Amino acid sequence: MKEINITATFTAFDSLSDLPNDVQSLMHEAVEIRKNAYAPYSNFRVGTAILLDNGKIILGSNQENAAFPSGLCAERVAIYHAGSVYPNAKIVKMAISAASDSNTTDAPIPPCGACRQSIAEYEFKQETPIEIYFMGEIGAIYKSDSLKNLLPLAFDKKFL
């Protein structure tokens, strides 16, 4: 038997003003689209802004449904839209902001497991890492240089 140690490295920014200008702009887009979330059940709103290598910015907000599995997270709304409209473009950066209607989210909130797997699919497909920035409503922002930090033992097509 042997022990395997997996580590992840993130960059932490204290506030939006500490981010590079292009990422500040992308995060502001995520914050704005978050306001369009349809979240009558969870009252938890998420916005995502994706920068593609062709310069286009794709936005997504979470969309809930009374049949809970039928809803879709903001990250997947944006990533699937990008894949359908710009199938050959690479995702360069992703900014995610989450807020609750009932309390202030002041810690970085990463993508859920299903979204991590969906992001992994696109990172593997394009064979280049995706920078992922995530935050709550206020406070620190974390940056991951690749989805591999968030999902180090990712499942992909090589297992099929």
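What's counted below: heavy atoms across the whole structure, side chains too, no hydrogens, waters or symmetry copies. As the structure is a prediction and not an experimental result, all values here were calculated from the model. Positions are given from 1 along the sequence.
- Interatomic distance, CD1 of Ile141 versus CD1 of Ile138, reported as 10.5 Å (0.5 Å rounding).
- Counting heavy atoms from C-beta on, the side chains of Pro129 and Lys148 never come closer than 4.5 Å.
- Each of Leu59 and Leu52 belongs to its own hydrophobic cluster when Ile, Leu, Val, Met, Phe, Trp and Tyr are linked at side-chain heavy-atom distances under 4.5 angstrom.
- Hydrophobic clustering, with ILVMFWY side chains joined whenever heavy atoms are under 4.5 angstrom apart, groups Phe134 together with Ile50.
- Taking SG from Cys115 and CD from Gln117, the interatomic distance works out to 11.0 Å, rounded to the nearest 0.5 Å.
- Side-chain atoms of Gln126 do not come within 3.5 Å of backbone N or O of Lys90 as any donor-acceptor pair.
- Looking only at side-chain heavy atoms (C-beta outward), Ile91 and Tyr86 stay at 4.5 Å or farther from each other.
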Under 3.5 Å, side-chain donor or acceptor atoms of residues 62-72 against the rest of the protein: list the pairs with distances, not counting sequence neighbours.
residue: Asn62; atom: OD1; partner: Val46; partner atom: N; Å: 2.8
residue: Asn62; atom: ND2; partner: Phe44; partner atom: O; Å: 2.8
residue: Gln63; atom: NE2; partner: Ser61; partner atom: O; Å: 3.4
residue: Gln63; atom: NE2; partner: Ser61; partner atom: OG; Å: 2.9
residue: Glu64; atom: OE1; partner: Tyr41; partner atom: N; Å: 2.9
residue: Glu64; atom: OE1; partner: Ser42; partner atom: N; Å: 3.1
residue: Glu64; atom: OE2; partner: Ser42; partner atom: OG; Å: 2.2
residue: Asn65; atom: OD1; partner: Ala67; partner atom: N; Å: 2.8
residue: Ser70; atom: OG; partner: Ala67; partner atom: O; Å: 3.4

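- A heavy-atom distance below 4.5 Å is found between the side chains of Phe13 and Pro20.
- Here SG of Cys73 is found 11.5 Å from CZ of Arg116. Values are rounded to the nearest 0.5 Å.
- Ser100 and Glu137 get closest at one heavy-atom pair: O-OE1, 4.4 Å.
- In this structure, Phe155 and Phe124 approach most closely via the heavy-atom pair O-CE1, 4.2 Å.
- Residues Met135 and Leu16 meet the side-chain proximity criterion, which asks for heavy atoms closer than 4.5 Å.
- In the model, Glu75 has no side-chain atom that pairs as donor or acceptor with a side-chain atom of Ser118 under 3.5 Å.
- The heavy-atom pair separating Asp145 from Asn149 by the smallest distance is N-ND2, 3.7 Å.
- Lys35 is not listed as a side-chain neighbour of Arg45, based on a closest heavy-atom distance of 4.5 Å or more.
- Within the 4.5 Å cutoff, the side chain of Leu147 has heavy atoms near those of the Ile132 side chain.
- Within a 6.0 Å radius of CG in Asp14, no more than 12 heavy atoms belonging to other residues, nucleotides or ligands are found.
- Both Leu153 and Ile4 are assigned to one and the same hydrophobic cluster, defined by single-linkage of ILVMFWY side chains at heavy-atom distances under 4.5 Å.
- By the criterion of side-chain heavy atoms lying less than 4.5 angstrom apart, applied directly or through intervening Ile, Leu, Val, Met, Phe, Trp or Tyr residues, Met94 is grouped together with Leu150 in one hydrophobic cluster.
- Between Ser17 and Gln24 the shortest heavy-atom distance is O-NE2, 3.4 Å.
- Cluster membership for Tyr142 and Leu151, using ILVMFWY side-chain heavy atoms within less than 4.5 angstrom, is shared.
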Please test Val85 against Ile58 for side chain to side chain contact (heavy atoms under 4.5 Å, CB included), starting from the C-alpha separation and ending with a verdict. CA-CA 10 Å; Val85 176; Ile58 305 298; 5.6 Å; no
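- Between Leu26 and Ile57 there is a side-chain heavy-atom pair separated by less than 4.5 Å.
- Distance CD1/Ile79 to OG1/Thr48: 9.0 Å, rounded to 0.5 Å.
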Check against side chain to side chain contact (heavy atoms under 4.5 Å, CB included), Thr11 and Tyr133: CA-CA 9 Å; Thr11 304; Tyr133 296 82; over 6 Å; no
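- The distance from the CD1 atom of Ile119 to the CZ atom of Arg76 is 9.5 Å, given to the nearest 0.5 Å.
- Contact check for Asp22 versus Lys93: side-chain heavy atoms found under the 4.5 Å cut-off.
- Note that the NZ atom of Lys125 and the NZ atom of Lys157 stand 10.0 Å from one another [nearest 0.5 Å].
- Looking only at distances, a side-chain donor or acceptor of Ser97 sits under 3.5 Å from a matching main-chain atom of Gly136.
- Pairing each heavy atom of Ala120 with each of Ala154, the nearest pair is CB-CB, 4.4 Å.
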